[in-house]
Amino acid sequence: MRIILIGPPGAGKGTQCQRLVELLRVPHLSTGEMLRAAVRAGTPEGLEASWSMEQGQLVPDSLIVGMVIRRLEAGDCRAGFLLDGFPRTLPQAEILDDLLERRAMSVDGVIELAVPRDELVRRMLARKRADDDPAIFSRRIASFEEQTAPLLEYYGRQGKLACIDGLGTADDIFSRVKSATQRFERGFTGR
Ligand code: AP5
Ligand code: MG
């Protein structure tokens, strides 16, 4: 299965993907994790990305698209993948669709994790990642609302979007995520 998780910072994309990999046995591709690894390794891409990440802004499409394409070309993605944090802009989504179409593939479904802002802030304050500083976190939320939220309409129009309530325990949310993937398997999505 080829599934995308979309949600604001702190929505639980990584948490749910960790559970989903066990269920679906496909790799978890988190662009945030890929970028943090590149920053730690001091690669040219990491150096280019670090300033934007520290500011809570998106890194350039060209940079992230190159990284994702290389990762999708690896053999373990042939049977499917879970994309967490990608695509995040309309150009990224269009490039992904083109890439898959050229290989006679497509995204099976998109899961939106909907979580209100006060809960996102509460989760961020309980964590200690470098970009979890309150001012940076506000910018990450603004990037989501301005650049990523339009993707919900993009995938909604394709009939691929399942909107899931991201409040509750991680286990509660996982049962909703699981039902959405079962609907994707049956070829039905809708909202
Ligand atoms: P990225 O790493 O993707 O960060 P993010 O989208 O801001 O999301 P988070 O990882 O903070 O949250 P999450 O939804 O994964 O939630 P999690 O499961 O961790 O991106 C970082 C940066 O990289 C971006 O700002 C940008 O600069 C750059 N970038 C990445 N992709 C890019 C792209 N495609 N284009 C351009 N730039 C890109 O949970 C959060 C916390 O809440 C955890 O502590 C968790 O334990 C807790 N939690 C989870 N579920 C629950 C629950 N149900 N109840 C209570 N707590 C919970
Ligand atoms: Mg994450």
Side-chain angles (χ1 to χ4, degrees), residues 3-21 28-40 43 45-72 81-97 99 107 110-152 154-155 164-178:
I3 295 179
I4 296 172
L5 271 88
I6 295 183
K13 302 180 293 295
T15 303
Q16 294 304 319
C17 280
Q18 274 173 15
R19 289 168 159 75
L20 266 181
V21 287
H28 170 201
L29 276 49
S30 158
T31 44
E33 294 297 335
M34 287 161 64
L35 288 165
R36 282 187 286 279
V39 171
R40 278 196 303 274
T43 65
E45 282 161 331
L47 291 174
E48 190 186 342
S50 63
W51 185 85
S52 305
M53 294 174 78
E54 281 163 15
Q55 301 299 311
Q57 291 171 13
L58 297 187
V59 307
D61 283 343
S62 53
L63 188 157
I64 195 66
V65 163
M67 288 179 87
V68 170
I69 290 179
R70 282 203 306 277
R71 184 63 189 88
L72 288 176
F81 48 77
L82 287 172
L83 275 172
D84 158 5
F86 185 94
R88 248 175 157 104
T89 64
L90 276 173
Q92 290 179 17
E94 286 163 358
I95 288 168
L96 177 67
D97 275 351
L99 180 88
V107 168
V110 178
I111 293 173
E112 173 194 2
L113 287 175
V115 178
R117 188 184 177 116
D118 57 350
E119 171 65 9
L120 299 175
V121 171
R122 202 186 61 73
R123 292 180 188 180
M124 179 269 303
L125 289 172
R127 199 172 60 170
K128 296 273 177 292
R129 210 168 75 191
D131 57 351
D132 283 340
D133 164 87
I136 298 171
F137 194 73
S138 294
R139 259 181 259 139
R140 286 162 58 202
I141 293 188
S143 297
F144 174 80
E145 286 167 355
E146 288 158 24
Q147 292 167 274
T148 308
L151 296 186
L152 301 172
Y154 176 85
Y155 287 116
I164 285 177
D165 176 4
L167 279 180
T169 67
D171 286 342
D172 290 341
I173 298 158
F174 185 57
S175 38
R176 296 171 206 148
V177 166
K178 226 169 18 180

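Both counts, for ligands and for their atoms, begin at 1 and track the order of listing.
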Quick check: [X] and ligand 1, any N/O pair under 3.5 Å apart?
| X | answer |
| --- | --- |
| K13 | yes |
| Q92 | yes |
| R127 | yes |
| T31 | yes |
| G85 | yes |
| G10 | yes |
| D132 | no |
| L35 | no |
| E119 | no |
| G168 | yes |

Considering heavy atoms of the protein only, find what lies nearest to [atom] and give residue, atom and distance to 0.1 Å.
| atom | result |
| --- | --- |
| atom 37 (N) of ligand 1 | V59 N, 3.1 Å |
| atom 7 (O) of ligand 1 | R140 NH2, 2.8 Å |
| atom 17 (P) of ligand 1 | T15 OG1, 3.6 Å |

Those atoms of ligand 1 less than 4.0 Å from some heavy atom in [X]:
| X | value |
| --- | --- |
| T169 | 53 (N) |
| R36 | 2 (O), 21 (C) |
| G14 | 13 (P), 15 (O), 18 (O) |
| A170 | 53 (N) |
| A11 | 14 (O), 16 (O) |
| I173 | 53 (N) |
| Q57 | 26 (C), 27 (O) |

Can you figure out which of [options] has its heavy atom closest to [atom]?
| atom | options | value |
| --- | --- | --- |
| atom 16 (O) of ligand 1 | G12, P87, C17, P8 | G12 |
| atom 1 (P) of ligand 1 | E33, K128, R88, M53 | R88 |
| atom 41 (C) of ligand 1 | Q147, Q55, R123 | R123 |

For residues 114-122, tabulate all N or O donor-acceptor pairs below 3.5 Å that involve a side-chain atom, not counting sequence neighbours.
| from | atom 1 | to | atom 2 | distance (Å) |
| --- | --- | --- | --- | --- |
| E119 | OE1 | R122 | NE | 2.8 |
| E119 | OE1 | R122 | NH2 | 3.3 |
| E119 | OE2 | R122 | NH2 | 2.9 |
| E119 | OE2 | R123 | NE | 2.8 |
| E119 | OE2 | R123 | NH2 | 3.4 |

Within the structure, is a non-hydrogen atom of [X] found at a distance of less than 4.0 Å from ligand 1?
| X | result |
| --- | --- |
| M124 | no |
| R129 | yes |
| A49 | no |
| G7 | no |

Note to self: Under the side chain to side chain contact (heavy atoms under 4.5 Å, CB included) test against V110, which residue among L151, L5, I6 passes?
What the structure shows: I6
Notebook entry, point to check: Between the main-chain N or O of V59 and the side-chain N or O of S52, is there a donor-acceptor pair closer than 3.5 Å?
Noted result: no
Check: Taking S50 for the side chain and V39 for the main chain, is one N or O donor matched with an acceptor at less than 3.5 Å?
Finding: no
Next item on the list: Give the contacting part of I64 toward ligand 1: side chain, backbone, both or neither, where contact means a heavy-atom distance below 4.0 Å.
Entry: side chain
Result block: side-chain N/O donor-acceptor pairs under 3.5 angstrom for residues 10-20, not counting sequence neighbours:
| from | atom 1 | to | atom 2 | distance (Å) |
| --- | --- | --- | --- | --- |
| K13 | NZ | G7 | O | 3.1 |
| K13 | NZ | P8 | O | 3.2 |
| Q16 | OE1 | F174 | N | 3.3 |
| Q16 | NE2 | A170 | O | 3.2 |
| R19 | NE | D171 | OD1 | 3.4 |
| R19 | NH2 | D171 | OD1 | 3.1 |

In the structure I gave you, are the side-chain heavy atoms of [X] and [Y] within less than 4.5 Å of one another anywhere?
| X | Y | value |
| --- | --- | --- |
| M67 | L63 | yes |
| F86 | L29 | no |
| L96 | I4 | yes |

Next item on the list: Carefully, step by step, assess I95 and V68 under the rule side-chain contact (heavy atoms from CB on, under 4.5 Å).
Entry: CA-CA 11 Å; I95 288 168; V68 170; over 6 Å; no
